[in-house]
Amino acid sequence: MSILKMKFISIVGRKDYFDEFVLKYVVNSGIELADALSKLENIKGLSRYADEEPHNDLVKRILSVAEFIGMKNINTENVDIPSQTYYTVLQLQDEVSLLEKEIRSYTELMEKYREELNQYFHMQKKLELLIGLDVDLDSFFNFEFIKFRFGRIPKKSYRQLQLYIDDFDAIVYPVSQDQDYVWLIYFTPKIYSEKVDSIFSSLYFERVRLSAEFKGTPAEALKQLKEKLSILQNEQKNLDENIKIFAQSNRERVINLYRAAIQLNLISEIRRYAACTKESFYITGWIPEDELNKLKPTIDSDKKVIYILEEPDMLKNLKPPIELKNNVLFKPFETLVRMYGLPSYNEIDPTAFVAVTYFLMFGLMFGDVGQGLVLLLAGLFLLKRKVSLGGVISGAGISSVVFGFLYGSVFGFEDWIDALWIRPMENINTMLFVAVIAGVLLITSAMVLNMINGIKSRNLPRIFFDKNGMAGFIFYWSTVILVLYFYKNNKLPFSLGTFIIILIIPILAMFFKEPFENYLHKREFIPKEKGVFFVQTFFELFDTILSYLSNTISFIRLSAFALNHAGLFMAIMILAGMTKGFGSIVEIVLGNILIIGLEGLIVGIQALRLEYYELFNRFFTGNGRAYKPLKRRNLVKT
C-alpha cells in the first residue's frame, strides 16, 4: 500500500572496465537508467559514447541456428543473463558463421536426398506400370515410329494441358503427383514428336531419362531402382543421425552464443545512457532501496568504481519513477489506478482507498448473493487466465454477496432469506440518506488525502488554501453541519454573524490561493491583469461552491442503482408470472443473465465514474511515470 522508495545513483569507473562492470552489476540490477550526460553536465570533458546499433541481426542468426537444432523456446524470458565470458562482436560472428556453414552443408544434403528420393519414387510408379513388358528399356525408349516420354509438369500447366489435350497428336497418361507436380507419360508419333515436345516444353515439362540410369527390362530396372532407393534412404537416415548429434553437441554452445548476443545488446543499450571521459565512464539512474541493498555489498567491494547516492528531493529537475507496492488483496485494484494515471512520487498511492471504496460502492448498488457469486466465479476464471481485471470483478462479486445478505436478495428473490439490514424498495428514504452520508464521508476522505499529499510535497497553498485543503474542508463541513442542524431543529446552530465568519474566512482563503502561491514563488502577488484575475477567480469560486453540493448529490446514484436493481427484477417477475411452467423459469434465468451482464457493467462503470470524477479529482494528480528497470526491457527485437 505504498510507492517504492527510490534513490538516485551515480557510478564512476575506469573506462576500460565498462563492459565487465555492466555485465557484473548493472544488467541484472533494478536500475532505471537516466541520461548521465544531462545529469552530470557540469563535469568537464564529458561526452557521450559513440552510437552503436543493437546487434539484432546477429541475434536473429543465432535464433535461426537454434531453430535448426530444435530449440524453439529460446527467448529473452527464459534466459538468465550471466556475468561470465564476454564475447566481442567479431568473436561472436565467427562462432555463428562456423555453425551456419555446417548447417548449410546439412541442408544442401537434405535437399539433394529429398529431391532424388522424390524422383525415384515417381520412377518406381512408372516402372510398375510397365512391369508386364518383356522388352529392353533402351529399345522401348527408341521405338522406330513412336516416341515415349516420362517426366513431370507443374500442376497449373497440367490443368492447361487438359483443356487442349484432344487437339494434340499424343496420348498422355498421368502416373502420380506430389505437392507441386504431376508425373506423367506421353506417347506421340515420331513425325510429330518435335512439335509435341516443343508444346510440352513450353508447359515446363521436365523429362526424366530413366533408361540412362537403369538397364534391362522394366522388372530388372525396378529392382535396380529399389536398390538405389534403399541406399538413398540409408544415407538420408545417416544424415538425420548426424544432424541429431550436431544438435545435441551444440545446444549449450548456441545458448551461450545467444546469451552473449543479448549481453552485447544490453551493453549497447546502456552505452546510450552512459557518458565518458578519456579515462572514466559514468552511469546514472534510479534504483529502489531494496534493490540497492542487494547491490551495495558487491559494489562496495569493487575498488574499480565509486558511487554516490542522492535522495529524490535533492534532484529538482529529475522526476523519480513510480512502482506501486500493494498486498495481494489490493493489488488487483492497481489496474483501476493505472487507468487514471500513476501517483507522483510525493503522493499517496490511492490503490487501497480505491479498493475499499469501490468494494463498498459496487456492493451498495448491486447487492445480491446469487448474482454476486456468479461475478466472483467469473472473476476467478479471468484471474486464472491472467486477465488483470479478474481481481476487480472478484472483489465486486464478494461485495455484491455481502450486500446481498444485508438486503436479503438472492438472484432477485427477496423472500428466500431475511435481510440483515434493510430491503431497499421498502426503505427508499433511508437508502437516499445513506447514499448522501456516504458521499459526504467519501468527499471528506478525499480532502484529507489531498491535505496529506500537500504535506508530503510541502505545498502550503495545497494544504491550507485549496478547495480540497483546509479551507475547503472547513467550508464543506460547516455547510454540512448547518444543513443537518437546520433540518433537525429548524434553526441555525449559531448566530448569523458567526455563520458568516465561519464561511467567509475559508472562501477568502480559497480566493487568495493563487496570490499566496505567487508570494511563495516570489512572483507578483496579484497578476498584472487584476480585473481578469478577480472576475475569473470569483466565477471559479462560485463554481467550486456549487460543485460541493452537486458532487455530494451525485452519490445518490448509489441508492438509485440499488433501487433500480430491485425494480428491474420486479419487472422480470411480472413478465415471468404471465408465462406458466418451464417458460417462466427460462424468463427468470434470462432476466438474471441480463441483470448480471448489463446492469453489472453499468454499476461497475458508475462506481468507477464516482472514483475518477468525484474523488480522484480532489487529491490525485496522476502525473507519475512508470518505473522501467533495465532487467524488464526486451532488448532483442526479433
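Everything numeric in this text was worked out from a predicted model, so none of it was measured.
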Between Tyr627 and Gly30 (side chain of the first, backbone of the second, donor and acceptor by atom type, cut-off under 3.5 Å), is there such a pair? yes
* Name the orientation class of the two ring planes belonging to Tyr407 and Trp421 (parallel below 30°, tilted from 30 to 60°, perpendicular beyond 60°). => parallel
Query raised in the report: Please walk me through it: do Asn327 and Phe330 pass side chain to side chain contact (heavy atoms under 4.5 Å, CB included)?
Result: CA-CA 6 Å; Asn327 61 36; Phe330 295 152; 3.7 Å; yes
*Can you check whether Ala396's main-chain N or O pairs, donor with acceptor, with Ser400's side chain at less than 3.5 Å?*
no
Could you tell me whether Arg462 and Glu347 make a salt bridge, using a distance below 4.0 angstrom between a side-chain N and a carboxylate O? yes
Next on the checklist: Is a donor from one side chain sitting under 3.5 angstrom from an acceptor on the other, for Asn623 and Ser344?
Outcome noted: no
Report task. Run the salt-bridge test on Glu540 and Lys513 with the 4.0 Å N-O cut-off and return the result as yes or no. Result -> no
So ring-ring contact (aromatic ring centres under 6.0 Å, His included) across residues 383-402, not counting sequence neighbours, yields none
key: Pair Phe619 and Phe616, ring centroids less than 6.0 Å apart   = yes
Point to revise | Sidechain-backbone polar pair: Asp466 side chain, Asn468 backbone, donor-acceptor under 3.5 Å | key: yes
### Query
Does a donor on one side chain sit under 3.5 Å from an acceptor on the other, for Glu611 and Thr357?
yes
message: Run the side chain to side chain contact (heavy atoms under 4.5 Å, CB included) test on Tyr548 and Thr479 for me, step by step, so that the C-alpha distance in whole Å, both residues' side-chain angles and the decisive distance to 0.1 Å come before the verdict.
response: CA-CA 10 Å; Tyr548 286 131; Thr479 308; over 6 Å; no
ask   = In terms of side-chain geometry, is the basic nitrogen of Arg625 or Glu32 positioned less than 4.0 Å from the acidic oxygen of its partner?
value = yes
Nearest heavy-atom approach of Leu558 to Met365 is O-CG, 3.3 Å
Heavy atoms of Ser394 and Gly379 approach each other most closely as OG-C, 3.1 Å
Next item on the list: Kindly assign one of parallel, tilted or perpendicular to the pair Trp477 and Phe473, based on the angle between their ring planes and the thresholds 30° and 60°.
Entry: tilted
Nearest heavy-atom contact between Pro506 and Ile501 is CD-O, 4.3 Å
key: Asn617 side chain to Tyr340 side chain, donor-acceptor N/O pair below 3.5 angstrom   = yes
Polar side chain donor-acceptor pair, Thr552 to Tyr476, under 3.5 angstrom
yes
Check whether Ser584 reaches the backbone of Ala576 with its side chain - one donor and one acceptor, N or O, closer than 3.5 Å. yes
query = So, Arg48 and Asp35, do they make that salt bridge, N to O below 4.0 Å?
reply = yes
Would a 4.5 Å heavy-atom cut-off, applied to side chains only, mark Ile443 and Asn551 as touching?
yes
For residues 562-583, the ring-ring contact (aromatic ring centres under 6.0 Å, His included) pairs (sequence neighbours left out) are Phe366-His565, Phe413-Phe569
| task | Show the numbers, then the answer: is there a side chain to side chain contact (heavy atoms under 4.5 Å, CB included) between Phe561 and Asn564? | result | CA-CA 5 Å; Phe561 274 97; Asn564 175 66; 4.3 Å; yes
Note to self: Donor-acceptor pair, distance only, cut-off 3.5 Å: does the side chain of Asp349 make one with the backbone of Pro343?
What the structure shows: no
query: Sub-3.5 Å donor-acceptor pair from the side chain of Ser399 to the main-chain atoms of Gly363, do we have one?
result: yes
